[in-house]
Chemist: 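A single structure is presented below for examination.
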There are 2 protein chains.
Amino acid sequence: MIIIDYKDTRPIYEQIVEKFKTLILRGVLQADEQMPSVRNLAMELSINPNTIQKAYAELERQGFIYTVKGRGNFVSGDGKLVEERKCECIQKILELAKEVLEIGMTKIELIREIEQLQV
Amino acid sequence: MIIIDYKDTRPIYEQIVEKFKTLILRGVLQADEQMPSVRNLAMELSINPNTIQKAYAELERQGFIYTVKGRGNFVSGDGKLVEERKCECIQKILELAKEVLEIGMTKIELIREIEQLQV
DNA sequence: TAAGTGTACCATCATAAATAGTACAGTTAG
DNA sequence: CTAACTGTACTATTTATGATGGTACACTTA
């Protein structure tokens with residue numbers, strides 16, 4: 001489910017956070033579903049439990065999961081998160097769009113690219 | 001011309017590379033124009049010359065500048081760079097667009113955002 | 001020749017990421 | 001109750017990278 005890219009310059013815990021955020025936002029992991037345990041996931045990925053712990057702490061800080069001591073980590077069902085992520089994405093898209101328009105692309109071309117996008 | 005953001009988590013040399021790439025691609029720095037010397041820019045930014053050197057080496061590796069020993073670094077006038085950058089940007093835009101469509105936005109909404117963009 | 005270029009080193013420091021290991025508290029299935 | 005799970009909190013250590021400080025050398029130009 002989670003694959004670490006060792007060519008990626010970002011730290012491992014950050015990659016894990018990103019992957020889980022995507023899985024949760026896209027509904028692959030549903031509300032109140034249990035996350036893999038810290039030790040299990042660490043074993044599976046052959047990395048240190050502390051690294052998973054750090055990733056989970058960050059996911060909790062951002063509201064994507066919640067913790068029940070002794071039972072495990074669970075997916076949070078907060079609808080606001082989707083809205084927030086939408087805003088983040090659109091902001092990034094508009095920044096990139098601005099740049100690409102400044103170096104010679106036209107709005108028409110750009111919009112055509114998006115229209116052709118398969119989802 | 002170049003400002004370092006110490007809140008930015010990215011390394012300084014990387015920020016410098018990015019800034020110069022943007023300046024070159026947007027034509028602010030024109031072909032065969034001389035870059036600030038390693039020592040001068042280092043003084044101006046109050047950082048170590050080796051850090052500038054690293055940034056320039058990277059810019060040269062990517063084809064944005066060329067070096068004449070004993071004279072200085074100069075902006076390369078390679079038209080392919082703009083094309084390459086366009087492709088990079090569009091690829092990123094399409095990735096983000098895909099995500100934002102998957103979490104509930106419609107193409108119409110997204111396109112409207114881009115239409116409203118001021119450039 | 002002097003002062004400016006780039007380049008190549010090397011040693012050092014600072015920081016963050018990651019690992020390793022231990023310990024403790026809560027939950028649950030048997 | 002016990003054993004085997006959960007998460008959490010530490011501390012110490014290693015590793016990698018970024019950044020600095022300093023020196024030296026070759027080339028170019030006024």
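So you know, we letter chains A, B, ... as the sequences are listed, proteins then strands, and number each from 1. Values below: every heavy atom of this structure, side chains too, minus hydrogens, waters and symmetry copies.
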Chemist: Using the side chain to side chain contact (heavy atoms under 4.5 Å, CB included) rule, take B:Leu45 and B:Thr51 through it: C-alpha gap first, then chi angles, then the decisive distance, then the call.
Modeler: CA-CA 11 Å; B:Leu45 301 181; B:Thr51 306; over 6 Å; no
Chemist: Near DNA chain D, which residues from residues 46-59 of chain A have a heavy atom under 4.0 Å away?
Modeler: A:Asn50, A:Gln53
Chemist: Would you call B:Asp78-B:Lys80 a salt bridge at under 4.0 Å N-O?
Modeler: no
Chemist: Do other residues, nucleotides or ligands put more than 12 heavy atoms under 6.0 Å from the NZ atom of A:Lys86?
Modeler: yes
Chemist: Quick check: are there more than 12 heavy atoms from other residues, nucleotides or ligands sitting under 6.0 Å from CZ of B:Arg26?
Modeler: yes
Chemist: In whole Å, I'd like the distance from the NZ atom of B:Lys69 to the P atom of D:dT29.
Modeler: 14 Å
Chemist: Take atom CD1 of A:Ile65 and atom P of D:dT6, then tell me their distance rounded to the nearest Å.
Modeler: 15 Å
Chemist: Can you check the A:Met35 CE to D:dG7 P distance for me, whole Å?
Modeler: 10 Å
Chemist: One thing to verify: whether A:Lys92 and B:Glu113 come together as a salt bridge, which I'm taking to mean a side-chain N less than 4.0 angstrom from a carboxylate O.
Modeler: no
Chemist: So which one's nearest nucleotide on DNA chain C is more toward 5', A:Arg71 or B:Glu60?
Modeler: B:Glu60
Chemist: Around A:Gln91, counting heavy atoms of other residues, nucleotides and ligands shown, do more than 12 lie under 6.0 Å from its CD?
Modeler: no
Chemist: Please report, rounded to the nearest Å, how far the P atom of D:dC5 is from the CD atom of A:Gln34.
Modeler: 14 Å
Chemist: Taking only side-chain N and O atoms of A:Ser37, does any of them lie within less than 4.0 angstrom of OP1 or OP2 on D:dC5?
Modeler: no
Chemist: Looking at A:Ile93, A:Ile90, A:Leu94, which one forms a side chain to side chain contact (heavy atoms under 4.5 Å, CB included) with B:Leu96?
Modeler: A:Ile93
Chemist: For A:Gly70 and for A:Arg10, locate the closest nucleotide of DNA chain C by heavy-atom distance; then report the residue assigned to the nucleotide nearer the 5' terminus.
Modeler: A:Arg10
Chemist: Assess whether a salt bridge exists between A:Glu58 and A:Arg61, defined as any Lys/Arg side-chain N lying under 4.0 Å from an Asp/Glu carboxylate O.
Modeler: yes
Chemist: At a heavy-atom distance below 4.0 Å, which nucleotide of DNA chain C is the first touched by chain B, and which is the last?
Modeler: C:dG4 to C:dC9
Chemist: Indicate yes or no: at least one non-hydrogen side-chain atom of A:Arg85 is less than 4.5 angstrom from one of A:Thr22.
Modeler: yes
Chemist: Starting at atom OH of B:Tyr13, determine the distance to atom C1' of D:dA19, rounded to an integer number of angstrom.
Modeler: 11 Å
Chemist: Looking at residues 38-45 of chain A, who's got a heavy atom less than 4.0 Å off DNA chain C?
Modeler: A:Arg39
Chemist: Is it true that B:Val17 and A:Ile103 fall in one hydrophobic cluster, defined by side-chain heavy atoms closer than 4.5 Å?
Modeler: yes
Chemist: Using side-chain heavy atoms (C-beta onward) and a distance below 4.5 Å, is A:Tyr56 in contact with A:Pro36?
Modeler: yes
